[in-house]
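All remarks here apply to the structure that follows.
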Amino acid sequence: MKNESVLILGAGVAGMEASLLLAAAGRKVHLVEKEPMIGGQLIKFEEVYPHMECSTCMVAPQQQAVLQNGNIEIHYLSALEKLEGSAGAFKASVKKKARYVSLANCIGCGACYDPCPVSLENEFEEGLAAARKAIAVPCAGALPNVPAIDPRHCLFLNGKDTQCRACKDACVFDAVQFEDKDETAVLDVGAVVVATGFGLLDVKQNPQYGYGEGKNVYTALEFERLFASNGPTGGNLTLRNGQTPKTVGIVHCVGRSELGYCSGVCCMYSVKFSRFLKHKLPDVRIREFHTDLCVPGKAYQKFFEKTRSEGVEFVRAETVKIASKESRLQVLYQNGGRGEEVFEADMVILSPAMIPAAGAKELAEVLGIKLDAKGFFAGRPGSLSPVETPVEGIFVIGCAEGPKDIPESVAQAAAAVGKILSLIPHEAN
Amino acid sequence: MSARIGVYVCECGPNIPDRIDIDRVLEEISPLKDVAVAKRYRLLCSNDGKKYLADEIRSEKLTHLVVAACSPRDHEKTFMKVCLEAGLNPFLFQMVNIREQCAWIFSEKSEATRMAVKYIRAGISRVTLHEPLLQKEIKATPDVLVVGGGIAGVETALSLAGQKRRVYLVERSDALGGTAARLGRLLPHQGTDMRLIQEKIEHAENNENISVFKGCEVEDIRGFLGNFEVSLKRSGGEPPPEMFRVGAVVVATGFALWDAFDPDVTGYGKIDDVVTSLEFEAMSASGKILKKNGSPPRSVALIHCVGRKEKGYCSKVCCLYSLKFAHQLKDSQPAPDVFEFYSDLCLPEKTDQDVFEEAKKRGVRFLRADDIRVEGRNGKIRIAYRDGSAEEAVEVEMAVLAPAMVPAPDSDRLARMLNIPLDETGFFKEAHSMLDPVSAPISGIYIAGCASGPKSIPESVVQAQAASGKILSVLMLGKTLEPEVKVSTIKEELCTGCQTCLNVCFYGAISFDAFRGVSVVNEAICRGCGSCVGSCPSGAISSKQFTYQQLFKEVMEALR
């Protein structure tokens with residue numbers, strides 16, 4: 001008898017969609033997520049192109065639906081460690097790190113944050129925000145709204161102050177449980193869906209882009225947080241010294257030539273950044289530096305044209321270098337036959353290539369499937385559907401398969417569900 | 001029997017009592033009409049709390065329940081479930097949010113307390129007007145109609161067909177496979193082998209659970225998710241007409257190539273050996289890429305983006321298939337000179353750029369070009385173009401145009417029949433362009449492949465599988481459907497038949513009964529959004545659980 005349960009790795013927009021559809025079909029879903037919350041990258045964005053919809057408003061109902069669905073069991077702070085068996089009968093070992101906070105007892109009041117004596121860099125805010133505590137939710141509005149304790153930094157758990165009970169004393173719901181232990185769950189599932197998403201190229205590797213040292217060069221994700229109303233500046237587009245930028249350069253294709261592929265979405269989100277800027281700072285001067293404009297499909301070119309009509313400059317630049325000049329930045333670029341030109345900017349935003357998520361290689365080994373030459377999960381040779389892998393019963397969806405936009409990720413999620421439901425029909429059928 | 005309302009204020013630990021004087025609230029609420037009990041509890045959403053609430057409903061013989069606690073987003077469902085378990089209709093319950101809307105926003109305790117009292121009074125005033133609504137169940141047919149027998153339609157049919165699920169696959173032409181089956185070859189990462197497509201077609205033709213109707217069109221479709229009635233007609237108009245019932249419909253009608261281009265600019269139809277991409281595919285499929293005079297071309301121009309400007313969008317796949325053509329030409333002996341005239345190279349998928357780099361290595365010339373004009377000159381084809389500010393020209397023996405992909409002809413007829421919208425480009429509009437790209441706005445109708453916009457073959461196959469996934473998770477064998485409970489209702493005596501509501505309903509849930517001259521809501525389709533309620537000029541429409549009376553009472557109390 002085939003096991004009808006499904007293991008889904010990653011609770012981003014693709015993993016959530018697959019979970020919800022399978023759960024609706026009556027399937028038990030084990031949703032494995034490395035973070036203490038669900039939602040993936042999408043919850044970092046204020047608005048998404050091309051309709052400039054509020055991103056968190058769009059995904060929050062999905063997140064709530066996942067949290068409230070009785071068929072979905074979420075394994076937070078977890079990762080797949082071992083997979084045995086075959087389609088219809090996999091045995092998955094999932095390593096779950098202790099949260100040290102009870103999901104059942106905690107109501108998310110946040111009374112434990114202030115008393116915690118430890119301050120840490122806020123990773124969710126790309127290091128732009130004020131510090132977070134050793135007991136914290138990763139971001140405002142995190143779902144579930146239940147913190148986790150970072151055992152590396154918690155004074156009690158790392159042994160630096162065995163007397164510290166600050167958070168436990170502050171909690172009136174008895175939700176802090178220092179006695180939590182890491183554990184391994186062994187799950188029987190019929191199919192596995194890999195939805196582990198993407199990472200961004202580390203721009204520090206390319207010194208030509210002048211990133212770092214407190215300069216006003218931002219990565220795309222940093223800029224997303226800078227614009228976000230729930231972000232580190234409350235949505236104020238300010239430079240690191242608090243001033244408002246008057247000129248902004250946006251550099252597309254960072255890493256494209258080195259990595260050998262186009263990430264498909266950077267042109268569109270870079271154009272979105274111009275919208276963000278024009279929306280909050282109507283007089284700002286913006287120049288976008290691109291190679292080929294990639295605005296594929298029926299809805300995207302109009303978005304670009306409208307942005308250009310609002311006075312945003314678009315120039316073709318074969319190579320781009322960022323230099324500092326006094327307190328400002330210089331974008332030096334090759335403009336076709338016209339030779340090198342210079343654009344002076346207060347702020348530069350880099351749009352780096354999407355790369356495989358950290359840990360993709362190790363996960364591929366655990367799953368027994370291959371990565372392609374670019375490091376993304378490879379599809380099954382001879383299949384027209386990229387969600388199928390060489391191992392029957394294992395599917396890859398969303399940006400784990402390669403860079404793509406939201407609707408493509410969501411479609412792949414539903415596609416994997418279609419394959420699973422027809423591969424392993426319900427017993428009673 | 002008079003109403004017995006139970007009002008329970010949740011403390012939510014310190015969250016509410018720190019900022020609201022709960023005893024004061026209870027004092028003010030207790031004497032209100034119909035309030036049988038008003039109590040506080042430490043944490044109602046805890047297991048103990050839920051049990052307490054259920055016991056209270058039973059022992060106090062409550063007829064209505066009001067819980068003043070957190071946001072309904074957090075725990076409305078939790079307490080509705082408690083009602084159900086305790087034998088109280090869950091729609092006779094009202095949640096009042098005194099945490100986010102009072103405790104957490106007012107700095108003065110007295111102010112927060114005053115507002116909490118108002119909100120709870122508002123909740124009490126509306127709950128007595130609630131109707132004990134019931135969840136309905138609708139029987140559904142698991143069978144599915146797929147309109148369009150291209151690669152998306154074939155894949156959908158193959159994914160769905162099973163022993164207890166019949167798929168009706170309707171194709172207007174005489175053959176399955178659509179555009180994909182007419183190609184000369186596929187791209188490397190698509191498996192290159194055309195047999196992949198042929199096999200799928202054969203599997204669909206031979207599957208006993210798939211009824212294939214070639215040379216047929218949909219004559220009419222009526223109904224809703226789970227219950228559509230379909231009639232077909234032969235494309236020629238002759239009988240036999242077919243009629244059957246399905247639970248879902250998949251629109252997979254594909255695309256057409258734009259053909260309204262100016263012959264004076266493109267040379268098409270005026271100059272020999274200027275062909276469209278699909279004509280080139282046909283030559284390639286027959287194994288003979290030859291000029292009209294029968295000799296192989298010694299130089300070929302591949303012209304991208306024909307119609308991009310006019311249509312206002314990029315068709316996404318033309319760059320890649322033009323690269324495929326270049327490789328194909330370079331494979332022949334002797335290999336011709338190949339020139340690609342492009343505006344922007346659109347290579348959005350992870351392996352696309354490899355195909356480009358490889359073409360460059362094989363000597364394909366890439367020319368970024370504006371204002372391309374194809375002219376005939378002394379039996380040759382002259383491609384004149386602008387590169388920056390310079391005017392340039394190249395002479396070739398064959399030119400292949402990559403025209404924009406446009407909606408399939410007759411899309412508007414099918415859209416009208418199904419009551420689903422097209423977008424401003426003329427392609428079918430998705431229910432949600434981000435989160436639900438394979439559904440039409442009306443439940444039970446799905447869109448796959450190029451019917452909703454230009455896509456590659458793998459993307460179309462993914463969409464077909466996605467539509468199948470959506471259908472399999474809704475139309476489960478042996479299961480009934482549970483439609484929305486809080487739907488709109490129309491008071492016929494007030495309806496003037498103006499039909500305003502028909503236009504605002506996004507889900508196509510309202511129809512017009514011409515005989516009685518009134519609008520009618522189909523409760524199986526209505527999602528309870530309330531758009532029609534607001535639009536009705538005569539106030540004939542109300543939404544269950546959001547009646548004018550309920551809202552009026554609630555607002556009156558809140559503003560007292």
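Order of the sequence lines fixes the chain letters, A, B, ..., with proteins taken first and strands second; residue numbering starts at 1 for each chain. Keep in mind that this is a model prediction, so the values were computed, not measured.
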Which atoms of A:S409 approach chain B - backbone, side chain, both or neither, heavy atom under 4.5 Å: neither
Region of [X] that comes under 4.5 Å of a non-hydrogen atom in chain A:
X      : result
B:S343 : backbone
B:P348 : both
B:L43  : side chain
B:K200 : side chain
B:R99  : side chain
B:F356 : neither

In terms of heavy-atom pairs under 4.5 Å with chain B, which of A:G402, A:A416, A:P386 leads?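 Ranked by contacts with chain B, first place is A:P386.
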Do [X] and [Y] come close enough that some side-chain heavy atom pair is under 4.5 Å?
X      : Y      : result
B:L435 : A:V13  : yes
A:L421 : B:S473 : yes
B:L186 : A:L384 : yes
B:L347 : A:R256 : yes
B:E459 : A:K404 : no

Nearest 0.5 Å, what's the [atom1]-[atom2] distance between [X] and [Y]?
X      : Y      : atom1 : atom2 : value
A:D292 : B:C319 : CG    : SG    : 7.5 Å
A:Y49  : B:S433 : OH    : OG    : 11.0 Å
B:Q353 : A:K374 : CD    : NZ    : 8.0 Å
B:K81  : A:Q68  : NZ    : CD    : 10.5 Å
B:L160 : A:S422 : CG    : OG    : 8.0 Å
A:D372 : B:D354 : CG    : CG    : 9.0 Å

Please report the C-alpha distance between B:R368 and A:E318 in whole Å, then the side-chain angles of each, then the deciding distance to 0.1 Å, and finally whether the salt bridge (charged side-chain N to carboxylate O under 4.0 Å, His left out) criterion is met. CA-CA 13 Å; B:R368 199 187 292 280; A:E318 272 104 62; 5.6 Å; no
Check salt bridge (charged side-chain N to carboxylate O under 4.0 Å, His left out) between B:D423 and all other residues, then give those that pass, not counting sequence neighbours.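 In terms of salt bridge (charged side-chain N to carboxylate O under 4.0 Å, His left out), with neighbours along the sequence ignored, B:D423 is linked to A:K298.
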Heavy atom to heavy atom, less than 4.5 Å: which residues from residues 56-66 of chain A reach chain B? A:M58, A:A60, A:Q62, A:Q64
Go through B:K470 and A:E17 one step at a time and tell me if the salt bridge (charged side-chain N to carboxylate O under 4.0 Å, His left out) criterion holds. CA-CA 10 Å; B:K470 292 228 130 190; A:E17 172 75 1; 3.6 Å; yes
